[in-house]
Amino acid sequence: MSVKNRQASKKSDELPKLADFLEKRVVRLATVIVSILSIVIFFTFFRLNQRSFLDQELSRVLQLEKEWSSRIDSFGKLLCVLSVQKDLFQDEEKLLKTLEEIYKRYSPLVAYPAFGRADGKMLSYPHYDYGPEYDTRKRPWYQAALQNPHTYVVVKPFMHAVLNEPAIAVVKAVLDENGEVLGVLGLDLVSSRLAEAFLTDGSYIVDETGQTIAKKGRIKAIFDPGSVKQDLTTHLSGLTHYVAKASIAGTYVVVEHSIANHLIFSLIPSLSVLGTLFVVNFFVSRRIRRTLKDKVVSPIEKITKAAQDYLSKRHFDLEHVEDDVYEIKMMINELSDMVTIIESQMQELEASYSELEALQSQIEEAYEILKRKENEIEQAYRAIVEKLDMIVEKFDEPTGKHVVRVSRLSRFLAEKLNLPNELVRQIELYSPLHDIGKIFVPKEILTKPGKLTKEEFEIVKTHTVQGASLFENDERFTVARNIILYHHERYDGSGYPFGLKNGEIPIEAQIVGLVDVYDALRSERPYKKPVSHEEALKVILYGDEKTNRAQFSPELLKVFLEHADEINKIWEECSSPAAMLE
């Protein structure tokens, strides 16, 4: 044996055997990776459980606050209905009968329905002697009602002098035909009885001083409204977690829960998942180890022995090696054939090499030509869109930033919805054309500073169909046509021009429709002032006279709200002087 062969043999002896190598590099690595993944899954599952628990608490407090304010509002509306019946308040007997009917119908929620007359006299049911010195005109609730005579007023919570428990009053000024004050109609609502039908365990209502006015179940500690300044807040005090929502008349609806219960809720399912993953990991590792030995290590050892025999004896025999793994079986067959044809293959490869080089050169040249053509087509598409964008900007939006913001924000939402890359690209490209149809609308209507007439608004609404007609015969512009034609359709069917609902509206039009509403709220127009990002989100989430949450897809709205901060940042960037379509 030569020195070179002896050195190679010595180096080979120092290398680990296949079984040890696979054990160290595959089985152990797989075990470590699965263990790490198990821990990651555990913490992920734990965090998801925590988030789910908190989301449930947030949803719970929002629902409770809605019930609380709705119940008070219903009594306020009752006062508004009664206040327009002037004859009731000009006949003391009828008035007392009405107060009695209110008491009997709404007791025990309502205590002492009363009417404070303009002469200072107080009428109530049940009758209560207020004393000769009592003058309704000097009472704060009476003055508050007169300051807002056209609507009901909710008086902040107080301790009821007769019932000796927290109450909240609803009052409404009553005017005669000439606008003169007849008096103030009021209802004392018993807070605990008003809230007992909807409060759940661990929930309560406090006033702005921190005084509990209604509760259900055992309360560990009282939430302090003075510690927070936000409308909806979460707060931690010791081992108790609070979720609080500001409500009517300076009250707060609060839901509390124990941190220990929170951790148990999140930890037990997560530990169960972790334990299951480790058990699975143990059995999987054993199975991998056994499979590698039987199906890989043993056949490779036999193949190696056959190769050694070939080198020493010029005899290559693998007939006795059997394996049910396709690749190893193919390796055996190919090794057998290779011994006899290796030289001829080398000659064929050398001859083919020159041909491959020439073919490769042709392929690269064709690829460059194809790439140039594709770029030319893309540039042509963009040039057309940019020209149309310029028309829209000069015709309806003097700053030019509206189409920039709509383009960027539409692309952002499309990406967050995981839409196909080509659709995302087309949404970004064609979203600025959503209002191209306004070139068919008289400019004096578009720039009118005041409110449009019904006829003028009907003319404006035609811009969707007019704009879509520019692309109706070209399938390449299907996305552009969908955006233009349907971006004013609404998820609840309240949009135009066709009143489509839900999934009937193409996703690209839903995206541009939401972005258009958001940008319109934040933009200054001849007929309105801009609002802040937070106010725009509030309008979209809670609605106003024109907009409500049901007009948008819940899935799209969820993505929009989850990335609200990023959306605000993009909007600000696109509104800067340097902003332009990319």
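One-based numbering along the sequence shown. Below, each value reflects all heavy atoms present in this structure, side chains not excepted, and no hydrogens, waters or symmetry copies.
Annotation for Glu555: atom CD does not count as buried by contact number, only 12 or fewer foreign heavy atoms lying within 6.0 Å. No more than 12 heavy-atom neighbours from other residues, nucleotides or ligands sit within 6.0 angstrom of NZ on Lys156.
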* Apply side-chain contact (heavy atoms from CB on, under 4.5 Å) to Glu208 and Tyr252, showing your working. => CA-CA 7 Å; Glu208 60 186 8; Tyr252 276 80; 5.7 Å; no
* **Chi angles and distances behind the side-chain contact (heavy atoms from CB on, under 4.5 Å) call for Tyr491, Asn502** => CA-CA 5 Å; Tyr491 199 76; Asn502 305 342; 3.4 Å; yes
* Please report the C-alpha distance between Arg522 and Glu572 in whole Å, then the side-chain angles of each, then the deciding distance to 0.1 Å, and finally whether the salt bridge (charged side-chain N to carboxylate O under 4.0 Å, His left out) criterion is met. => CA-CA 10 Å; Arg522 297 202 61 185; Glu572 295 290 348; 3.0 Å; yes
* Test side-chain contact (heavy atoms from CB on, under 4.5 Å) on Ile168 and Ile213 and set out the steps. => CA-CA 9 Å; Ile168 188 167; Ile213 63 175; 5.7 Å; no
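The side-chain heavy atoms of Ile511 and Leu417, taken from C-beta on, include a pair separated by under 4.5 Å. The closest side-chain heavy-atom distance from His402 to Asp435 is below 4.5 Å. Side-chain contact between Ile567 and Val515 is absent, with no heavy-atom pair separated by less than 4.5 Å. Using a 4.5 Å heavy-atom threshold, the side chains of Leu537 and Asn568 count as separate. Under the 4.5 Å side-chain criterion, counting only non-hydrogen atoms from C-beta, Val181 is in contact with Leu175. Counting heavy atoms from C-beta on, the side chains of Leu514 and Leu409 never come closer than 4.5 Å. Within the 4.5 Å cutoff, the side chain of Glu504 has no heavy atoms near those of the Phe498 side chain.
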Give the table of side-chain donor-acceptor pairs shorter than 3.5 Å for residues 94-109, with sequence neighbours excluded, one pair per line with atom names and distance.
from, atom 1, to, atom 2, distance (Å)
Thr98, OG1, Lys94, O, 2.9
Glu100, OE2, Lys104, NZ, 2.7

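Not a single ring pair (Phe, Tyr, Trp, His ring centres under 6.0 Å) links Tyr486 to another residue, sequence neighbours left out. In this structure Asp119 satisfies the salt bridge (Lys or Arg N to Asp or Glu O under 4.0 Å) test together with Arg117, sequence neighbours excluded. With sequence neighbours excluded, no residue satisfies ring pair (Phe, Tyr, Trp, His ring centres under 6.0 Å) with Phe552. A search for salt bridge (Lys or Arg N to Asp or Glu O under 4.0 Å) contacts involving Lys558 returns nothing, not counting sequence neighbours. In this structure, Asp176 has no salt bridge (Lys or Arg N to Asp or Glu O under 4.0 Å) partners at least two apart in sequence or on a different chain. With sequence neighbours excluded, the residues satisfying side-chain contact (heavy atoms from CB on, under 4.5 Å) with Val153 are Ala144, Asn148, Val171. Residues satisfying the ring pair (Phe, Tyr, Trp, His ring centres under 6.0 Å) criterion with His463, sequence neighbours excluded, are His487, His488. Residues forming a side-chain contact (heavy atoms from CB on, under 4.5 Å) with Glu196 (at least two apart in sequence, or on another chain): Arg193. Phe457 is linked by a ring pair (Phe, Tyr, Trp, His ring centres under 6.0 Å) to nothing, counting only residues two or more places apart in sequence or in another chain. In this structure, Lys172 has no salt bridge (Lys or Arg N to Asp or Glu O under 4.0 Å) partners at least two apart in sequence or on a different chain.
Between Glu562 and Lys416 there is no salt bridge, since no side-chain nitrogen of the basic residue lies less than 4.0 Å from a carboxylate oxygen of the acidic one. Salt-bridge annotation for Glu566 and Lys569: absent, with no side-chain N of the basic residue lying under 4.0 Å from a carboxylate O of the acidic one. For the pair Asp135 and Arg137, the salt-bridge criterion is met [side-chain N within less than 4.0 Å of a carboxylate O].
Between Tyr204 and Tyr242, the ring planes are perpendicular. Angles over 60° get that label, and only those under 30° would be called parallel. Aromatic ring pairs are classed by plane angle as parallel below 30°, tilted from 30° to 60° and perpendicular above 60°; the pair Tyr134 and Tyr130 is tilted.
One N or O on the side chain of Ser407 and one on the backbone of Glu428 form a donor-acceptor pair closer than 3.5 Å. Within the 3.5 Å criterion, the main-chain N or O of Ile427 finds a donor-acceptor partner in the side chain of Ser431. Formation of a donor-acceptor pair under 3.5 Å by the Glu508 side chain with backbone atoms of Leu423 is not found in this model. Judged by distance alone, with hydrogens and angles left aside, the side-chain atoms of Lys448 form a donor-acceptor pair with the main-chain N or O of Lys451 at under 3.5 Å. Although no hydrogens or angles enter the test, the distance criterion places a donor-acceptor pair under 3.5 Å between the side chain of Ser69 and the main chain of Lys66. Side-chain N or O atoms of Gln90 include none that pairs as donor or acceptor with a backbone N or O of Asp87 at under 3.5 Å. Ser575 places a side-chain N or O within donor-acceptor distance of the main-chain N or O of Trp571, the cut-off being under 3.5 Å. When atom types are taken as modelled, the side chain of Glu489 and the backbone of Gly499 share a donor-acceptor pair closer than 3.5 angstrom. Proximity of a side-chain donor or acceptor of Thr462 to a complementary backbone N or O of Ile459 within less than 3.5 Å is detected. Panel note: side chain Thr547, backbone Asp544; no donor-acceptor pair is recorded below 3.5 Å.
The OG1 atom of Thr464 sits 5.5 Å away from the CG atom of Leu485 when rounded to the nearest 0.5 Å. Put simply, OG on Ser74 and CG on Leu79 are 10.0 Å apart, with the number rounded to the nearest 0.5 Å. Asp565 CG to Ile570 CD1: the interatomic distance, rounded to the nearest 0.5 Å, is 11.0 Å. If you take CG on Leu452 and NZ on Lys454, they are separated by 14.0 Å, rounding to the nearest 0.5 Å. How far CD1 of Ile507 is from CG of Leu419: 6.0 Å, rounded to the nearest 0.5 Å. Taken from CD in Glu65 to OG in Ser203, the straight-line distance is 13.0 Å, to the nearest 0.5 Å.
Residue pairs satisfying the ring pair (Phe, Tyr, Trp, His ring centres under 6.0 Å) criterion with at least one member in residues 153-190, sequence neighbours excluded, are listed as follows: Tyr112-His160.
Ala249 and Val154 get closest at one heavy-atom pair: CB-CG1, 3.5 Å. In plain terms, the two heavy atoms of Pro166 and Met159 that are nearest each other are N-SD, 3.7 Å. In terms of heavy atoms, Gly493 sits closest to Lys501 at CA-CG, 3.4 Å. Across all their heavy atoms, Glu165 and Ser192 have their closest contact at OE1-OG, 3.1 Å. Taking both residues in full, the closest heavy atoms of Arg405 and Ser523 are given as NH2-OG, 3.1 Å, listed atom of the first, atom of the second, then distance. For the pair Tyr142 and Thr136, the tightest heavy-atom approach, listed with the atom from each and the gap, is CB-O, 3.0 Å.
Judged purely by distance below 3.5 Å, without hydrogens or angles, the side chains of Tyr152 and Asp73 pair a donor atom with an acceptor atom. Residues Asn548 and Arg490 have side chains that never bring a donor and an acceptor to within less than 3.5 angstrom of each other.
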